[in-house]
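The structure presented is a predicted model; accordingly, all values stated were derived computationally and were not measured. Counting begins at 1 with the first residue of the sequence.
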Amino acid sequence: MADMDAFRDEIARWAAGGAPDTAAELAADLGLRTAVLLEGPSDLAAVEALAAREDRDLTAEGVAVVSMGGAMSVGRFAGLLGPPGLGLRLTGLCDAREEPFYDRGWQRAGAVRDFHVCVADLEDEMIRALGPERVEEVIRAEDELRPWQTFLAQPAQHGRPRQQQLRRFLSTKKGRKIRYGSLLVQALDGGRPPAPLADLLAGL
């Protein structure tokens, strides 16, 4: 049976200059109809966590959620997965500063503009949705209170708003943003996710 991870691997190979045949075969086997283009793996973790929270199997729904490794790759991925390539419907999520890349990518692919924009990034959206105190509870639950306190003691963090400090902290260790991508969604405890993330999933 076709596997979503195998499809993502083939898309990455195709984007790097490989042949499209295997990706096209896997897309057909999976019955894909929609591709969700995300900037990176932390966004992917959040989308998959929210789908799981809502008891949705995106693969069974014909949805491929793809991490592109950066917004500047969106033109390439939109061309491969959208109308010029596999012919999938395109949607996605991006940071506000990366919106022009997404706009151009969609236009070049001849796709209807359909993506959701975070004010700064998804981590910023999640921190505002949860509130700094709840995010700090998650940090404590992950046994990262000491690294967090050490981070706060840095001179560069003195006087900064707590939300900005939290957002920066999530990026200070490799893999942390990815891990907290799902943890912060789980911490919503039934509350409403940030609008860009909620609207993305509702539109699938």
Side-chain angles (χ1 to χ4, degrees), residues 8 12 15 36-54 58 65-77 91-105 115-203:
R8 289 173 180 149
V36 181
L37 302 185
L38 303 174
E39 294 184 42
S42 62
D43 298 334
L44 174 62
V47 170
E48 290 190 328
L50 184 59
R53 193 186 80 153
E54 298 186 0
L58 296 182
V65 185
V66 178
S67 168
M68 301 180 295
M72 287 185 288
S73 298
V74 68
R76 178 69 171 152
F77 279 82
T91 187
L93 187 72
C94 70
D95 304 346
R97 66 181 177 275
E98 312 296 1
E99 186 175 0
F101 293 111
Y102 270 59
D103 268 326
R104 288 194 293 272
F115 57 86
H116 306 271
V117 182
C118 299
V119 172
D121 54 26
L122 187 53
E123 289 75 30
D124 174 70
E125 296 276 0
M126 290 300 306
I127 294 166
R128 284 191 287 114
L130 288 164
E133 290 184 3
R134 182 71 181 103
V135 177
E136 289 188 71
E137 288 176 5
V138 175
I139 290 171
R140 284 195 293 272
E142 290 300 299
D143 198 26
E144 288 204 298
L145 182 58
R146 181 172 290 180
W148 169 235
Q149 292 173 334
T150 299
F151 172 80
L152 290 177
Q154 295 175 1
Q157 300 307 317
H158 294 175
R160 296 186 73 193
R162 184 52 53 98
Q163 182 171 329
Q164 292 181 13
Q165 293 171 334
L166 286 163
R167 181 175 168 230
R168 181 70 187 95
F169 175 72
L170 296 181
S171 301
T172 55
K173 181 180 178 182
K174 185 176 180 180
R176 183 178 277 150
K177 276 181 69 172
I178 300 171
R179 182 158 53 93
Y180 280 86
S182 58
L183 288 171
L184 295 183
V185 169
Q186 294 164 15
L188 289 166
D189 298 328
R192 178 173 168 77
L197 185 57
D199 293 346
L200 170 68
L201 207 66

Worksheet item: When you measure from the centre of the six-membered ring of F151, is the NZ or CZ of R168 under 6.0 Å away and within 45° of the axis?
Response: no

Discussion item. Before you tell me yes or no, could you show the steps for R8 and E48 under salt bridge (Lys or Arg N to Asp or Glu O under 4.0 Å), namely the whole-Å CA-CA distance, both residues' side-chain angles and the distance that decides it to 0.1 Å?
Written reply: CA-CA 14 Å; R8 289 173 180 149; E48 290 190 328; 2.9 Å; yes

Worksheet, complete the sentence: SG of C118 to CG of L200, rounded to nearest 0.5 Å, is 9.5 Å

Discussion item. Would you compute the distance between atom CG of D121 and atom OG of S42 and round it to the nearest 0.5 angstrom?
Written reply: 8.0 Å

Worksheet item: Just wondering, do D103 and F115 contact through their side chains at under 4.5 Å, heavy atoms?
Response: yes

Response to the item:
Of all heavy-atom pairs linking G40 and S67, the shortest is C-OG, 3.1 Å

Practice prompt. Go through the steps to decide whether R176 and L183 satisfy the test side-chain contact (heavy atoms from CB on, under 4.5 Å), and finish with yes or no.
Written response: CA-CA 10 Å; R176 183 178 277 150; L183 288 171; over 6 Å; no

Practice prompt. Ignoring hydrogens and angles, tell me if any N or O in the side chain of H158 forms a donor-acceptor pair with the backbone of A153 under 3.5 Å.
Written response: yes

Practice prompt. To the nearest 0.5 Å, tell me how far T172 OG1 sits from L170 CG.
Written response: 7.5 Å

Item to complete: Decide whether a cation-pi geometry holds between R104 and F101; the criteria are a distance under 6.0 Å from NZ or CZ to the six-membered ring centre and an angle within 45° of the ring axis.
Response: yes

Discussion item. Tell me whether Q186 contacts the main-chain N or O of A49 through its side chain, where contact means a donor paired with an acceptor under 3.5 Å.
Written reply: no

Worksheet, complete the sentence: Of all heavy-atom pairs linking P196 and V117, the shortest is CG-O, 3.5 Å

Worksheet entry | Separation between CE of M72 and CZ of F77, rounded to the nearest 0.5 Å | 13.0 Å

Discussion item. With a 4.0 Å cut-off on N to O distance, would you call E39 and K177 a salt bridge?
Written reply: no

Worksheet item: Does any non-hydrogen side-chain atom of V36 lie less than 4.5 Å from one of L93?
Response: no

Worksheet, complete the sentence: Looking only at heavy atoms, the pair that brings L122 and A46 closest together is CD2-CB, 3.6 Å

Worksheet item: Between Q163 (side chain) and P132 (backbone), is there a donor-acceptor pair under 3.5 Å?
Response: no

Worksheet item: Which pair of heavy atoms, one from R179 and one from S182, lies closest together, and at what distance?
Response: O-OG, 3.1 Å

Item to complete: Please report the shortest heavy-atom distance between L188 and R53, naming the atom on each side.
Response: CB-NH1, 3.3 Å

Worksheet item: Is there a side-chain contact between E125 and L197 (heavy atoms, below 4.5 Å)?
Response: no

Worksheet item: Between M68 and L37, what is the shortest heavy-atom contact and its length?
Response: SD-CB, 3.9 Å

Fill in: Donor-acceptor contact present, side-chain R167 to main-chain D124, <3.5 Å
no

Discussion item. Evaluate T91 against H116 for side-chain contact (heavy atoms from CB on, under 4.5 Å), listing each step before the verdict.
Written reply: CA-CA 8 Å; T91 187; H116 306 271; 4.2 Å; yes

Worksheet item: Does a side-chain heavy-atom distance below 4.5 Å link V74 with E98?
Response: no

Practice prompt. Report the C-alpha distance between L166 and W148 in whole Å, list the side-chain angles of each, state the deciding distance to 0.1 Å, and finish with yes or no for side-chain contact (heavy atoms from CB on, under 4.5 Å).
Written response: CA-CA 9 Å; L166 286 163; W148 169 235; 3.4 Å; yes

Worksheet entry | Passing option when Y180 is tested against M126, E123, E144 for side chain to side chain contact (heavy atoms under 4.5 Å, CB included) | E144

Worksheet item: Looking at CD of Q157 and CD of Q164, how far apart are the two atoms once the value is rounded to the nearest 0.5 Å?
Response: 9.0 Å

Worksheet item: For the atom pair CG (L184) and CD1 (I139), what is the distance rounded to the nearest 0.5 Å?
Response: 8.5 Å

Worksheet item: Any salt bridge between D199 and R192, counting N to O under 4.0 Å?
Response: yes

